[in-house]
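Structure, as structure tokens:
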Amino acid sequence: MKHFGSKRRRKFLGGPVDNEKTSMNFPKIPPAPTSGPVDGSNSGSATALLGRDGQAVLEAALAATHAGVEQAGVEQAGVERAGGEPPADEPRVEGAPENGGTKDAPGSTAEILAAPEAGQSSENVAASEQESTDFVNAVPETVAPAVAERDDIEDTPLAREIADLTRRRSALAAEQLPLPPKTRIFTVANQKGGVGKTTTTVNLAAALARGGSRVLVIDLDPQGNASTALGVDHRADTPSVYDVIIDDEPIAEIVQRSPEFDGLYCLPSTIHLAGAEIELVSMVAREQRLRTSLLRFLQEAPEPFHYVFIDCPPSLGLLTINAFVAAGEVLIPIQCEYYALEGLSQLLNNISLIERHLNPALTVSTILLTMFDSRTNLANQVAQDVRDHFPDQVLPTPIPRSVRISEAPSYGQTVISYDTNSAGSLSYREAAAEIARRGAPN
Ligand code: ADP
Ligand code: MG
């Protein structure tokens with residue numbers, strides 16, 4: 001097994017504090033109205049999603065989040081369940097891993113799997129989660145079903161986790177993903193940095209390619225992280241998406257095949273793209289340039305592409321606008337952390353403007369919760385707020401925080417190939433399967 005020093009970062013929870021607030025009961029955002037002023041039939045329309053009073057409501061929820069977050073920052077809750085939320089009736093216990101059952105009677109999961117010592121303090125719960133997940137991932141597939149079937153050991157958190165992973169692996173293995181009749185073009189956008197746009201782009205693309213789709217990833221971030229994760233060359237002298245947008249080079253001459261999976265391609269980005277934002281300002285049809293090139297490429301491709309994912313930079317500049325104009329669907333990754341909803345109303349307003357003036361077909365079809373830690377009240381509360389407000393768009397499985405996901409790019413890989421049966425990979429594969437099952441919005 002490959003080893004890699006995990007980089008753990010402590011989350012800093014700041015912001016205004018209301019000492020009178022002691023609970024995490026945020027006011028619920030009312031469900032989005034079913035019709036909006038722009039396109040009533042389109043439930044994913046940004047305007048419909050935001051609603052007439054949506055921004056005010058979202059801001060009210062944000063204010064409440066600010067007020068309640070300090071409490072949430074210190075509350076650690078419940079025992080982890082990979083990729084899922086604990087049941088409502090399960091008590092949330094501070095320092096939960098101590099109660100986690102890894103020191104059980106003979107014949108317990110702990111003995112069978114030689115689990116590491118439990119007994120972490122609530123302060124290092126985050127670290128223990130990563131270790132716990134890694135540990136579960138390390139359980140051989142041959143052992144896992146045996147553990148899953150033993151009734152007497154089913155009742156420990158670790159056994160439940162292993163049983164859960166095993167069930168999910170089997171369900172995914174049994175399913176053949178449907179292919180869309182027309183190319184679905186997604187822009188993966190959120191003007192916040194570090195929320196999981198690139199990670200989501202490359203792993204969904206890889207999961208779909210693994211399932212038999214032909215997928216193109218367009219790396220529209222000058223940092224080139226998507227190109228790195230897909231193992232394609234993106235040194236400064238490499239022909240890139242810059243040449244497509246600025247010099248009208250055909251995509252077919254620049255696109256590279258990713259070594260990750262058959263049918264997975266990447267239009268790489270290089271550092272030159274950093275200048276494109278400024279160069280675009282004075283260009284003719286500056287918002288349409290990517291769209292024009294992409295449509296020509298898709299029409300002329302010898303074999304049809306099923307999906308295109310455009311990985312956006314963390315800004316709402318001309319590159320991101322080009323991505324919105326080129327796409328039919330927007331996928332918004334939301335990190336289950338404090339600040340998650342901040343900026344979302346601005347993003348939806350911008351999408352709404354694009355929809356009105358540049359691309360009437362644009363739909364916010366998919367929201368994915370990323371870096372989810374089911375043991376914190378904060379993550380659960382953010383997830384619940386997002387689900388309440390966007391019930392049709394949020395994918396059912398959140399992506400858990402996982403060391404495997406974050407270390408895969410350092411090997412020039414996606415987590416789908418790096419550790420395909422890890423909790424993080426399974427979650428991305430499930431998200432991809434759900435996207436394929438749902439199909440394109442009307
Ligand atoms: P963005 O593209 O929005 O800036 P990234 O996808 O680059 O965000 O993610 C930011 C950082 O968080 C990266 O270091 C990435 O490896 C890490 N990361 C993303 N998703 C996860 C996850 N589910 N678990 C752990 N680390 C993650
Ligand atoms: Mg990125």
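All ligand and atom numbering here is 1-based and tracks the order in the structure.
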Please check if any side-chain donor atom of His234 sits under 3.5 Å from a side-chain acceptor atom of Ser269, or the reverse.
no
Which ligand 1 atoms are under 4.0 Å away from a heavy-atom of Ile399?
23 (N)
Purely on distance, is any nitrogen or oxygen of Thr199 under 3.5 Å from one on ligand 1?
yes
Does ligand 1 come near enough to Gly194 that some N or O of the ligand is less than 3.5 Å from an N or O of the residue?
yes
Decide whether an N or O pair under 3.5 Å exists between Thr198 and ligand 1.
yes
Main-chain N/O of Ile435 paired with Arg184 side-chain donor or acceptor, under 3.5 Å
yes
If you measure every N or O of Lys197 against every N or O of ligand 1, does any of those distances drop under 3.5 Å?
yes
Partner residues of Arg438 under the side chain to side chain donor-acceptor pair (under 3.5 Å) criterion, sequence neighbours left out:
Glu434
Does one side chain, of Thr200 or Tyr428, offer a donor that lies under 3.5 Å from an acceptor on the other?
yes
Does Ile405 have a heavy atom less than 4.0 Å from any atom of ligand 1?
yes
Per atom 23 (N) of ligand 1, closest listed option by heavy atom (Ser402, Gly196, Pro400):
Pro400
I'd like to know if the Mg ion (ligand 2) has an N/O/S atom from Thr198 within less than 2.8 Å of it, counting both backbone and side-chain atoms.
yes
Give the atom numbers and elements of ligand 1 that come within less than 4.0 Å of a heavy atom of Val195.
1 (P), 3 (O), 8 (O)
On the ring face of Phe305, is Arg214 found with NZ or CZ under 6.0 Å from the centre and within 45° of the axis?
yes
Verify the distance criterion only: is there a donor paired with an acceptor across the side chains of Ser352 and Arg356 at less than 3.5 Å?
yes
Should the ring pair His272 and Tyr242 be called parallel, tilted or perpendicular, given that the plane angle runs from 0 to 90° and is split at 30 and 60?
tilted
